[in-house]
J.: 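A single structure is presented below for examination.
Numbers restart at 1 for each chain; the letters A, B, ... are given by sequence-line order, proteins then strands. Quick note: numbers below take in every heavy atom, side chains included, and nothing from hydrogens, waters or symmetry partners.
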Protein chains: 2
Amino acid sequence: LKKEANKRIKYIFFDLDDVLYDTTLQYYNARLNAIRAMIEAGLPVDLETGYRILINVIDEQGEYSSQHFDKMLEKLGLAYNSRIVAAGVVAYHDTKLAFLKPYPETISTLLRLRDKGYFLGVLSWGKTIKQWEKLIRLGIQHLFHKVIMFEEIGYEKPVPEAFKVSLKNLKILPSEALYVADQPNPDILNANRAGLITVRIRRGKYRTEEPDSDEMVPRYEISKLSELDEVLNKILKAKKQ
Amino acid sequence: LKKEANKRIKYIFFDLDDVLYDTTLQYYNARLNAIRAMIEAGLPVDLETGYRILINVIDEQGEYSSQHFDKMLEKLGLAYNSRIVAAGVVAYHDTKLAFLKPYPETISTLLRLRDKGYFLGVLSWGKTIKQWEKLIRLGIQHLFHKVIMFEEIGYEKPVPEAFKVSLKNLKILPSEALYVADQPNPDILNANRAGLITVRIRRGKYRTEEPDSDEMVPRYEISKLSELDEVLNKILKAKKQ
């Protein structure tokens with residue numbers, strides 16, 4: 001009996017982007033509004049063309065470049081124009097801030113899970129400082145018992161080792177940890193390999209992506225965070241049998 | 001008579017920081033709020049100490065570094081803490097945005113001067129893209145007939161040549177141009193050398209700074225933008241004599 005109780009979930013870990021808030025919508029709107037503002041400031045293209053070229057530039061330069069709008073002008077064969085670029089930058093940042101809001105059910109779900117006695121954690125990759133800024137702006141940083149950024153503990157990607165080290169530091173077994181994430185690869189794949197109980201949330205740009213291998217198949221699937229209670233009930237029932 | 005009319009002021013140029021909005025207040029509040037947020041996130045200092053150390057770091061690293069808060073932790077002998085740094089970054093940027101607002105009299109003064117038939121320009125130094133972002137966020141970018149950033153035309157500082165080239169491109173004589181700025185050096189000094197009619201506005205952190213030489217003495221002094229009408233009247237009267 002004691003052994004089974006130990007196997008119960010103790011910690012619930014969340015990936016950040018598209019899991020705790022709608023990152024896909026945020027970026028889509030920020031980019032679209034940037035193009036709108038640049039057109040208003042004199043960029044001689046229509047919205048669709050502008051958006052398409054921006055996506056092109058982002059694909060080529062990576063998400064973290066600060067030169068996207070400069071490069072857009074270049075691609076369009078236009079001279080550099082600081083007024084147009086600044087208009088894009090301002091609209092982009094304002095829109096990003098406006099849409100940096102938790103899903104409607106994020107905070108209530110986190111609070112309910114805490115009340116039920118679960119420890120809550122963030123397990124996220126990407127630039128540590130940027131991920132922390134998001135948590136703070138979302139206003140949810142105090143709700144977690146532990147925030148772990150893989151970059152900060154020395155892992156650029158969520159490799160199995162990154163999960164194992166994180167859990168070991170918390171003195172948690174992989175089987176006691178639920179991990180909620182949106183991407184079959186690398187999130188679910190590597191958490192599965194590390195032995196965590198994986199929950200895939202079907203939101204954001206990876207919503208319709210299907211697993212390429214069995215190792216990318218999550219233990220559970222949900223379409224929003226509030227369905228986690230159901231997942232936890234299923235796990236409790238399974239353990240009792 | 002015609003010759004006198006030609007000598008009348010045609011263009012009024014404005015420096016940006018502390019001239020069109022209260023940059024000193026903006027930075028003071030942004031820094032103070034950043035320290036407050038860092039203390040709330042766990043920085044073990046009081047507000048005064050934190051602020052003093054930040055100012056120290058800025059003096060050492062320059063205003064444009066993005067490592068001010070990292071360096072603060074280092075100076076305090078503390079380990080890097082991304083949560084504390086992110087808290088500072090978020091509060092800093094939010095406060096900077098909140099205080100990026102024109103003086104109460106900025107827009108009405110600019111509109112009144114336009115209505116009187118003057119052309120309005122910005123003549124500013126600093127990073128072009130940042131200065132344009134400010135103009136756009138201030139919502140005053142459409143009020144100017146011309147925005148000239150010295151950096152963009154090849155001058156890092158407001159040397160006399162920078163003024164002369166700008167005026168030549170606009171086909172304006174220095175004596176037809178009023179220049180409103182806050183710093184005796186380099187703003188007023190170099191505009192005087194280029195032959196513009198200088199107006200010093202006593203606002204912001206250089207408010208109490210006295211000229212070191214005769215060349216830094218402006219032709220006129222005002223304490224707020226709405227006093228420009230009076231300056232223009234004086235000039236008109238002087239020309240008629």
J.: Measure the spacing between CG of A/D94 and CD1 of B/I136 and express it to the nearest 0.5 Å.
T.: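 With rounding to 0.5 Å, CG (A/D94) is 10.5 Å from CD1 (B/I136).
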J.: If I measure from the heavy atoms of chain A, does B/L135 come under 4.5 Å with its side chain, its backbone, both, or neither?
T.: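 Neither part.
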J.: Take a 6.0 Å sphere around NZ of A/K146 and say whether it holds more than 12 heavy atoms from other residues, nucleotides or ligands.
T.: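 It does not: A/K146 NZ has 12 such atoms or fewer within range.
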J.: Nearest 0.5 Å please: distance from the NE2 atom of A/H93 over to the NE2 atom of B/H93.
T.: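 One finds 9.0 Å between NE2 of A/H93 and NE2 of B/H93.
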J.: Does A/K101 have more than 12 heavy atoms from other residues, nucleotides or ligands lying within 6.0 Å of its NZ?
T.: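 Counting neighbours around NZ of A/K101, more than 12 heavy atoms of other residues, nucleotides or ligands fall under 6.0 Å, so yes.
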J.: Working to the nearest 0.5 angstrom, can you tell me the gap between B/W132 CH2 and A/N81 CG?
T.: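 Spacing of CH2 (B/W132) from CG (A/N81) equals 8.0 Å.
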J.: Would you compute the distance between atom CE of B/M149 and atom OG of A/S82 and round it to the nearest 0.5 angstrom?
T.: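 The distance works out to 6.5 Å.
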J.: Within a 6.0 Å radius of atom CD on B/E40, are there more than 12 heavy atoms belonging to other residues, nucleotides or ligands?
T.: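 No, because the 6.0 Å sphere around CD of B/E40 holds 12 heavy atoms or fewer from other groups.
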J.: Using a 4.5 angstrom heavy-atom cutoff, name the option from A/K134, A/Q131, A/Q141 with the most pairs to chain B.
T.: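 Of the candidates given, the most pairs with chain B belong to A/Q141.
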J.: Might you confirm whether atom NZ of B/K168 has over 12 heavy atoms from other residues, nucleotides or ligands at distances under 6.0 Å?
T.: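 No.
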J.: Can you confirm whether B/F119 is buried at CZ, in the sense that more than 12 heavy atoms of other residues, nucleotides or ligands lie under 6.0 Å from that atom?
T.: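 Atom CZ in B/F119 is not packed in, count stays at 12 or less.
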J.: Roughly how far apart are A/I129 CD1 and B/F69 CZ, rounded to 0.5 Å?
T.: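 Separation between the atoms: 9.5 Å.
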J.: For A/Y28, I'd like to know if atom OH has over 12 heavy atoms of other residues, nucleotides or ligands within 6.0 Å.
T.: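 It does not: A/Y28 OH has 12 such atoms or fewer within range.
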J.: Under 4.5 Å heavy-atom distance to chain A, tell me which part of B/E152 shows up: side chain, backbone, both or neither.
T.: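 The side chain, not the backbone.
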